[in-house]
Structure formats: structure tokens, C-alpha cells
Amino acid sequence: MNPRTTGVATEPGYTIVENASLEGRNTFRVPARAEILIDVRKPEALAEVLAIPYVRNNPLLILGGGSNMLFTRDWPGVVLSIAARGVRILEDRGDAALVRVEAGEPWNELVSWSLGHNFIGLENLVLIPGSVGAAPIQNIGAYGREVREFIATVEAWDRSNGAIVRLDNASCQFSYRDSRFKHEPDRYVITAVDFLLPRTGELRTDYAGVGAELAAMNVEANARTVAEAVARLRTRKLPNPAVIGNAGSFFKNPVVPVATAEAIKREFAALPFWQAGETTAKLSAAWLVESCGLKGFRQGDAGVSSQHALVLVNHGHATGAQIWALAEHVRNTVANRFDVELEPEPSVI
Ligand SMILES: Cc1cc2nc3c(=O)[nH]c(=O)nc-3n(C[C@H](O)[C@H](O)[C@H](O)COP(=O)(O)OP(=O)(O)OC[C@H]3O[C@@H](n4cnc5c(N)ncnc54)[C@H](O)[C@@H]3O)c2cc1C
């Protein structure tokens, strides 16, 4: 394997590309290269791939759909993508079913599948880009739901002992845009997720305009109409990465002590915040950025979206380093004005 030249090798369960471009594999569409890019199409090939000496001895990065990644440099080693797909019901309990989904399945395809099979719950998470394997990493969430509510077990290759492990929901240590996988980034390669999907239950329509959208659509609330309402809201509010490079929200909503939120609110009366836990509050990061006058701000081709203040965009030829410089500028500006630290949501490489 010579990473200096470009070459492609196709094995029965995987494909290796040397000196591979990652520009088409991240939704910011910034240029970056991997010394080696490996797409694993068959789950059983993973152990063989991880045993290749070059793979064992070089830095390893797992890449899904690249919709939550910012490449500020080339990757000096192996980029591994789990491309195996598949959805199947393991156990049907009537009011709910245990469903196994391979890591390479696109998240939104799973949402469509669940709606088609009359399950309830994933409708608020419609149109989130990326793969099922990445969904547990930051515990994806939107419009009042988080994926952790539906995860029974995460199956992963544990690189610390070279074996497949099955982590139950509690072991995944999920919290707001967080999980144990974020804290042990070099340990687990997620291969599949088992979801417990209900057929009955409460719909969430009380969040961020979903109820109003359903009323405007003049329809009864059910899982399909809620999905449609969320899809309409998202399409209006979020820039489409197929049109302008971005990774969705670039910053998490900061979680601060309630006393801090109240102190900021005394000075800035319009600040929106929500109670999040007994003693903590979640601030609107979008409001903080917008209040600094940064919505639509641009440094060359790196910009803050004029559609949504939390989304950083690539207007054309920005590099990842330029987008990261803009992110630092936004963080510093918000910190100087409100004394609040914004934390990036994507993995910054
Ligand atoms: C327009 C847009 C809207 C978005 N909206 C939302 C939203 O509403 N809510 C939300 O939560 N997110 C949102 N996101 C972020 C993104 O869609 C999610 O974080 C998604 O889960 C990322 O999936 P991915 O396959 O693209 O992961 P990648 O970006 O490829 O990877 C993300 C992280 O997961 C790791 N990873 C990926 N696959 C695996 C695996 N199999 N095993 C171990 N580690 C892995 C990577 O190493 C990396 O650290 C949005 C992004 C965009 C572009």
C-alpha cells in the first residue's frame, strides 16, 4: 500500500482508495485528502480491514456522511467509512418492535421506513442528514426529540480489545448532543444500532412551531403529518447543503447555571432560555450570535448563514481552516459580549 500514489483496490467486502479526496464526502464541501480511504460494504469485512498492518499503525478516522465534520487539514492515515446498509425487525412485540439497522443506512431512509411501517417517534427527526452509525455519537435531536429515546443497543467494534461489543442505552451515557462515543473517539466503530420503535404513544407537536405548522397545513396530527410539518419547517429555516456547504448548527445551545441565565437576561431582556435540568438553563445560541450582528457576516467565502445565525456556510471556495477561523471569531465575539462560551457541534479535524 503506497499512500503517495492514487490507486483503488476492490476486495470482496471493502474498497481501498489511496490519496483520496474527501471534498465530496463532507457537507461543507471543503477540500481535504486522506492517505487511505476504506469503504467497508460488508460488516464481516471490518475485522479483516482493522487487522491490515497499515490500518493498525496509522491514525484512524471514522467517516459517515460527513455532515457533522469540519476538515481543517488532510488526514494523515486511514479514513474508514462503514457503508453496510440494512433494516430488519428482530422482534415484533405488537405495540413496539426491536429493529436492527446497519451503520451505513442513511438516517432519513430509516425515518421513512419507520413511517411506512406505522411506527411513532422518529418523525420529529426527519431530514437530519447522515448515517445511522453516527446518530448515537452526538445523540441527534430536533424539534423536541432525541434519538436516545429510541435506542435499545449500540453494536460497535471495540478497538481497545478487538471485539464486537453491545452497549445498552444506559452504557451509551447519552445527554444533550453528547454520548460516551464523543469522549472516547478512538475506541468504538459503530457497526449497527438496535432501535425500540413504538406503534403507539404521544406525538410531540409542542416544539418550535410544529403545532402551528400542522394548523397551517389544516391536518390532523399523526406521525406522517408531523414529519411533513417538520420537513416544511426545516426546508424553510435551514440552508440546503446541496446548494451551499454547511454542517447544520455549528454551535450547541450553551447550558449554564440558571443564575447565569437570569443575570444575562437582566441585561439583555430579549434573551430566550429554557430550564434544562434542576439548576441549569439552555440558552439560544442562535440568539446570542444574531444579537452580535453576525447573521450574514462573511470573511471571504466563509460565512454565517443569512438564513440561520447558527449555521456556518461555505459560499464557494472556503477552506476548512477559513471556516474554523470564522467560528473562532463568532465564539470570541459572543464571549466578549455575553461572557458565554459557545462549543462547536461538529467534529473539527
Ligand atoms: C443541513 C444539516 C442539518 C442538520 N441538522 C441536525 C439536527 O437537526 N440535529 C442534529 O443532531 N444534527 C444535525 N445535523 C448534523 C448531522 O446531520 C448529524 O450529526 C449526523 O448524525 C452526522 O452523521 P454523519 O453520518 O454525516 O456523520 P459524520 O459527519 O461523518 O461523523 C460525525 C462524527 O461521528 C463519527 N462517526 C460517524 N460514523 C461513525 C461510526 N459508524 N462509528 C463511530 N463513529 C462514527 C465521526 O468520526 C465524527 O466524529 C445537521 C447537519 C446538516 C448538514
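Counting starts at 1 for both ligands and their atoms, in listed order.
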Does any N or O of ligand 1 fall below 3.5 Å from an N or O anywhere on Ile82, backbone included?
no
Just to be sure I'm reading this right: ignoring hydrogens, which of Ala84, Gly141, Pro241 gets closest to atom 9 (N) of ligand 1? Compare them by their nearest heavy atoms.
Gly141
Find all atoms of ligand 1 within a distance of less than 4.0 Å from any non-hydrogen atom belonging to Asn246, and give their numbers and elements.
1 (C), 53 (C)
Provide, to 0.1 Å, the distance between atom 23 (O) of ligand 1 and the closest protein heavy atom, together with that atom's residue and name.
Ala134 CB, 3.3 Å
To atom 48 (C) of ligand 1, the nearest of Ala156, Ala247, Ser347, Pro346 on a heavy-atom basis is Ser347
Tell me which one of Ile137, Leu61, Ile190, Asn108 gets a heavy atom nearest to atom 44 (N) of ligand 1.
Ile137
Regarding Glu149 and Arg145, does a basic nitrogen lie under 4.0 Å from an acidic carboxylate oxygen?
yes
So is Arg25 in contact with ligand 1, going by heavy-atom distances below 4.0 Å?
no
Atoms of ligand 1 less than 4.0 Å from Thr27 heavy atoms?
53 (C)
Tell me whether Gly248 has any N or O atom under 3.5 angstrom from an N or O of ligand 1.
no
Within a radius of less than 6.0 Å around CD of Glu341, do more than 12 heavy atoms belonging to other residues, nucleotides or ligands occur?
no
Phe338 and Trp287 aromatic ring geometry - parallel, tilted or perpendicular at 30°/60° bounds
tilted
Ligand 1 atoms nearer than 4.0 angstrom to some heavy atom of Ser131 are 23 (O), 24 (P), 25 (O)
Looking only at non-hydrogen atoms, the one of Arg187, Gln138, Arg234, Met69 nearest atom 10 (C) of ligand 1 is Gln138
Taking only heavy atoms of Ala142 into account, list the atoms of ligand 1 that are under 4.0 Å away from them.
8 (O)
Going by the order shown, which atoms of ligand 1 are within less than 4.0 Å of some heavy atom of Gly130?
23 (O), 24 (P), 25 (O), 26 (O)
For the NE2 atom on His315, are there more than 12 heavy atoms of other groups (residues, nucleotides or ligands in this structure) within a distance under 6.0 Å?
yes
Between Arg148 and Asn169, do the side chains contain an N or O donor and an N or O acceptor separated by less than 3.5 Å?
no
N or O pair under 3.5 Å between Leu63 and ligand 1
no
Under 4.0 Å between a Lys/Arg side-chain N and an Asp/Glu carboxylate O for Glu102 and Arg100?
yes
For ligand 1, which atoms, with element, lie under 4.0 Å from some heavy atom of Val189?
42 (N)
Show the atoms of ligand 1 that are less than 4.0 angstrom away from any heavy atom in Tyr188.
43 (C)
Is the closest heavy atom of Arg177 to ligand 1 under 4.0 Å?
yes
So, do Phe150 and Phe195 have ring centers that fall under 6.0 Å from each other?
no
Might you confirm whether atom CG of Asp339 has over 12 heavy atoms from other residues, nucleotides or ligands at distances under 6.0 Å?
no
For atom 13 (C) of ligand 1, which candidate among Ile62, Asn68, Ile128 holds the nearest heavy atom?
Ile128
